There are 2 protein chains.
Amino acid sequence: MDEIDRKIACLLAEDARRSLADIGGVVDLSPSAVNERIRRLTASGAIQRFTVEADPVAFGQDVLAFVFVALNYEAGEAAFKDFIAACPNVLDCHHVTGGWSYLIKIRVATLSGVEDFLQQLKERRFLARSETMLALSTVTEKPFKPF
Amino acid sequence: MDEIDRKIACLLAEDARRSLADIGGVVDLSPSAVNERIRRLTASGAIQRFTVEADPVAFGQDVLAFVFVALNYEAGEAAFKDFIAACPNVLDCHHVTGGWSYLIKIRVATLSGVEDFLQQLKERRFLARSETMLALSTVTEKPFKPF
DNA sequence: GATGAAAATGTTCTAAT
DNA sequence: ATTAGAACATTTTCATC
């Protein structure tokens with residue numbers, strides 16, 4: 001992981017469709033060398049996958065909410081994590097400092113989707129307490145990119 | 001935006017390097033037809049860009065924090081938004097319901113990076129109050145994907 | 001590790017329906 | 001909007017340094 005690797009990762013983050021020749025032009029390497037570096041970055045997990053950024057609104061997921069959860073540990077933390085990891089509406093879930101155990105970021109189609117999500121947590125007995133914050137508008141929202 | 005478009009977007013979200021022929025095999029369309037649909041999805045903004053998902057830790061951004069901000073409106077909301085949009089450490093920034101004006105998600109190399117970030121907000125007089133939550137561990141973290 | 005050239009694969013364009 | 005096929009470009013492999 002040197003400066004060239006970082007630069008290649010940055011270029012791919014901006015546009016993953018750039019050709020190896022293009023990238024090679026920027027970092028002064030042959031297409032094959034660039035290819036080999038991308039292969040290594042991918043194999044090591046530094047680059048996790050090639051994907052597309054999609055507009056949630058265009059796909060009907062208009063509502064963004066943050067749910068703070070105090071876990072009911074009797075229900076099992078592992079079961080909670082499994083549920084969260086499998087739920088397509090969950091974009092983020094982190095164990096956090098402060099008065100709550102987890103902070104969860106979800107995208108749903110409508111407000112009732114938020115209620116459905118909370119209901120699912122309740123049904124599975126994961127919830128001791130929770131608090132929900134709705135996002136009214138977004139200034140910026142982007143996945144992590146090397147820089 | 002029909003079911004086929006959704007499916008194509010899903011497949012690209014999983015792996016943006018799949019060939020047009022591959023995708024066509026799944027949705028029962030010719031490579032050219034798939035290509036045309038991807039072109040339209042991209043042109044309409046439903047697909048915002050082709051990119052790579054990178055591992056923040058591999059790139060030395062180990063610390064994830066959520067910063068709640070009550071804005072000092074005298075400093076100018078537009079200036080705040082400009083600053084936030086331009087800051088590479090900021091992954092998310094949303095105007096939210098509740099006692100805070102904005103919820104900001106940042107990635108920094110070390111804890112002192114959190115302090116630096118808060119210091120920058122202070123220097124620019126954006127801050128009335130703030131509260132910071134550190135992420136201790138991550139259950140899931142992914143950009144929005146159509147499904 | 002990197003290179004350059006050959007081989008394999010994928011994409012884009014054109015004409016037609 | 002979609003298709004087929006030709007023309008074009010890119011990626012991948014491999015022998016070599």
Side-chain angles (χ1 to χ4, degrees), chain A residues 1-62 88 109 142-147, chain B residues 1-62 88 109 142-147:
Chain A
M1 169 70 61
D2 57 11
E3 273 314 304
I4 295 179
D5 283 335
R6 293 186 87 91
K7 187 69 198 164
I8 290 173
C10 289
L11 293 168
L12 287 175
E14 278 167 23
D15 179 6
R17 281 182 148 183
R18 294 186 76 143
S19 73
L20 301 174
D22 249 38
I23 296 169
V26 177
V27 300
D28 214 48
L29 242 50
S30 73
S32 309
V34 174
N35 192 42
E36 173 61 12
R37 277 170 180 269
I38 293 173
R39 195 196 60 69
R40 278 203 305 275
L41 284 167
T42 307
S44 74
I47 290 177
Q48 293 164 327
R49 62 169 156 180
F50 285 72
T51 185
V52 290
E53 255 177 69
D55 174 16
V57 175
F59 290 91
Q61 301 291 93
D62 294 70
K142 57 197 184 211
F144 169 75
K145 303 236 157 55
F147 58 91
Chain B
M1 169 71 60
D2 57 11
E3 272 315 303
I4 294 179
D5 283 334
R6 292 187 87 92
K7 188 70 196 164
I8 290 172
C10 288
L11 293 168
L12 288 175
E14 279 166 23
D15 178 6
R17 281 182 147 184
R18 292 186 76 142
S19 72
L20 302 174
D22 249 38
I23 297 168
V26 177
V27 301
D28 215 48
L29 242 50
S30 74
S32 309
V34 173
N35 194 41
E36 174 61 12
R37 278 170 179 268
I38 293 173
R39 196 196 58 71
R40 276 204 306 276
L41 284 166
T42 307
S44 74
I47 290 177
Q48 293 164 327
R49 63 168 156 183
F50 286 72
T51 185
V52 290
E53 255 176 70
D55 175 16
V57 175
F59 289 91
Q61 301 290 93
D62 293 72
K142 57 198 183 210
F144 169 74
K145 302 237 156 58
F147 58 91

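This one's a predicted model, so the numbers in the text were calculated from it and none came from an experiment. A note on names: the letters A, B, ... follow the listed sequences, proteins ahead of strands, and every chain is numbered from 1.
Judged as a salt bridge (charged side-chain N to carboxylate O under 4.0 Å, His left out), the pairs with a partner in residues 15-33 of chain A (not counting sequence neighbours) are, in order, A:Arg18-A:Asp22.
Rounded to an integer number of Å, the gap from CD1 of B:Ile23 to C1' of D:dT2 is 17 Å. Atom CG in B:Asp5 sits about 14 Å away from atom C1' in D:dT2, given to the nearest Å. We find that CG of A:Asp2 is positioned 8 Å from P of C:dA2, with the value rounded to whole Å. Note: CZ (B:Arg37) to P (C:dT11) measures 17 Å, nearest angstrom. As rounded to whole Å, 10 Å separates atom C1' of C:dT3 from atom CG of A:Leu29.
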Donor-acceptor contacts, no H, no angles, side chain residues 29-40 of chain A, under 3.5 Å, sequence neighbours left out:
{"from": "A:Ser30", "atom 1": "OG", "to": "A:Ala33", "atom 2": "N", "distance (Å)": "3.2"}
{"from": "A:Glu36", "atom 1": "OE1", "to": "A:Arg39", "atom 2": "NE", "distance (Å)": "3.1"}
{"from": "A:Glu36", "atom 1": "OE2", "to": "A:Arg39", "atom 2": "NH2", "distance (Å)": "3.0"}
{"from": "A:Glu36", "atom 1": "OE2", "to": "A:Arg40", "atom 2": "NH1", "distance (Å)": "3.2"}
{"from": "A:Arg37", "atom 1": "NH1", "to": "A:Asp2", "atom 2": "OD1", "distance (Å)": "3.0"}
{"from": "A:Arg37", "atom 1": "NH1", "to": "A:Asp2", "atom 2": "OD2", "distance (Å)": "3.3"}
{"from": "A:Arg37", "atom 1": "NH1", "to": "A:Asp5", "atom 2": "OD1", "distance (Å)": "3.0"}
{"from": "A:Arg37", "atom 1": "NH2", "to": "A:Asp2", "atom 2": "OD2", "distance (Å)": "3.3"}

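Here the closest non-hydrogen pair linking A:Met1 and A:Ala46 is CE-CB, 4.0 Å.
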- Message: Could you walk me through whether A:Thr42 and B:Val52 satisfy the side chain to side chain contact (heavy atoms under 4.5 Å, CB included) test, starting with their C-alpha distance in whole Å, then the side-chain angles of each, then the deciding distance to 0.1 Å, before giving a yes or no?
- Response: CA-CA 10 Å; A:Thr42 307; B:Val52 290; over 6 Å; no
- Heavy-atom contacts, protein to nucleotides 9-17 of chain D, under 4.0 Å, summarised as B (base), S (sugar-phosphate only) or - (none) per nt, yield --SBB----
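Applying the 6.0 Å contact sphere to NZ of B:Lys7 captures no more than 12 heavy atoms from other residues, nucleotides or ligands.
Listed by chain and residue number, A:Glu53 satisfy the side chain to side chain donor-acceptor pair (under 3.5 Å) test with A:Lys145 (two or more places apart in sequence, or in another chain). With sequence neighbours excluded, the residues satisfying side-chain contact (heavy atoms from CB on, under 4.5 Å) with B:Asp62 are B:Val57.
For the helix from C:dG1-D:dC17 to C:dT17-D:dA1, the rotation axes defined at the first and last 5 base pairs enclose an angle of 30°, given to the nearest 10°.
Taking CG of A:Leu12 as the start and CZ of B:Phe50 as the end, the distance is 13.5 Å to the nearest 0.5 Å.
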